[in-house]
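One structure below.
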Amino acid sequence: MMAATRGALIVLEGCDRVGKSTQAKLLVEYLTKRGKPAKLMNFPDRSTTIGKLLDEYLKQGQEFDDHAVHLLFSANRWEAASSMEKLLKSGTTLVLDRYSDSGIAFSSAKGLDFDWCRNSDAGLPLPDLVLFLQLSQEESRARGGYGQERYEKEQFQATVRDKFSRLQQDNWTVVSAEQKSIEELQCELRKLVDAAVKSALNKSLGHLPT
Ligand code: NYM
Ligand code: MG
């Protein structure tokens with residue numbers, strides 16, 4: 001029997017300052033306007049109890065062992081997993097501003113083992129599409145540089161960039177954000193998202209492998 005109509009799980013990934021949050025928000029507005037139920041989710045979700053710890057950590061008000069904080073970021077996804085599955089199965093497309101790949105890239109950039117990082121996310125809902133936004137170090141700098149949070153340093157971002165490039169998988173679509181206006185990039189992403197939403201209708205929802 002064919003799976004019931006479901007929404008697509010779409011993830012925006014990339015280094016800091018590439019425009020993920022802006023693009024994710026615009027994609028949700030676009031889908032909603034076209035009568036397709038859609039919801040924006042951010043990871044980390046700083047509103048939960050675990051998310052508040054992560055917020056403190058990112059604002060450098062709280063220290064954690066690197067492994068411990070990796071597991072907190074992962075737990076922050078797990079606490080959302082069942083409601084994500086419910087929404088997807090009821091036909092809502094989810095647009096995620098970061099997900100598991102950020103967890104692996106940022107933690108492994110601190111020296112943690114890649115597979116160890118991946119393992120805590122095994123079993124989470126599998127993205128139908130990962131849109132990886134690419135931007136050179138030079139252009140992120142030109143966009144106004146980084147903020148004050150932990151990890152927002154040029155050297156560290158360069159290491160994260162390397163880790164992301166090792167992570168690239170079959171369901172990734174790399175999109176260059178270089179020299180593009182918000183509207184130009186949005187236009188490109190919409191086409192990819194439309195296709196993903198359409199093809200998710202005939203596929204059952206998968207789960208992240210180990
Ligand atoms: N981050 C995000 C991680 O280190 N691990 C994770 O699992 C996730 C989802 O949090 N610099 C890092 C990447 C970002 C920071 O994200 C906060 P944002 O999108 O700036 O709120
Ligand atoms: Mg952001």
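As a basis for the values below, the full set of heavy atoms in this structure was taken, side chains included, without hydrogen atoms, waters or symmetry mates. Whatever order the structure lists ligands and atoms in, that order sets their numbers, starting from 1. Just so you know, residue 1 is the first one in the sequence shown, and it goes up from there.
At least one N or O atom of D16 sits closer than 3.5 Å to an N or O atom of ligand 1.
Among Y146, F106, F73, Y99, the residue whose heavy atom lies nearest to atom 8 (C) of ligand 1 is F73. Heavy-atom proximity to atom 21 (O) of ligand 1, evaluated over R46, R77, R98, R17, is greatest for R46. Here atom 10 (O) of ligand 1 lies nearest to L58 when heavy atoms of V160, L58, D45, D55 are compared.
Residue F43 approaches ligand 1 through these ligand atoms, each under 4.0 Å from one of its heavy atoms: 9 (C).
Grouped with V193 in one hydrophobic cluster are I10, L12, V18, L27, V28, Y30, L31, L40, V95, L129, L131, L133, L135, V175, L185, L189, L192, V197, the linkage being side-chain heavy-atom contacts under 4.5 Å among Ile, Leu, Val, Met, Phe, Trp and Tyr residues.
Residue-environment remark: CD (Q60) exceeds the threshold of 12 foreign heavy atoms within 6.0 Å.
Annotation: cation-pi pair R17/Y146 absent, no NZ/CZ under 6.0 Å from the ring centroid and within 45° of its normal.
Under 4.0 Å from ligand 1, not a single heavy atom of S21 appears. Using a 4.0 Å cut-off between heavy atoms, K20 makes no contact with ligand 1 at all.
When side chains are defined from C-beta on, K110 counts as touching F156, because their heavy atoms get closer than 4.5 Å. A 4.5 Å side-chain heavy-atom check between F106 and Q157 finds at least one atom pair inside the cut-off.
Listed by chain and residue number, N119, A122 satisfy the side-chain contact (heavy atoms from CB on, under 4.5 Å) test with T210 (two or more places apart in sequence, or in another chain).
Residue contacts with ligand 1: H70 is excluded, as none of its non-hydrogen atoms falls under 4.0 Å.
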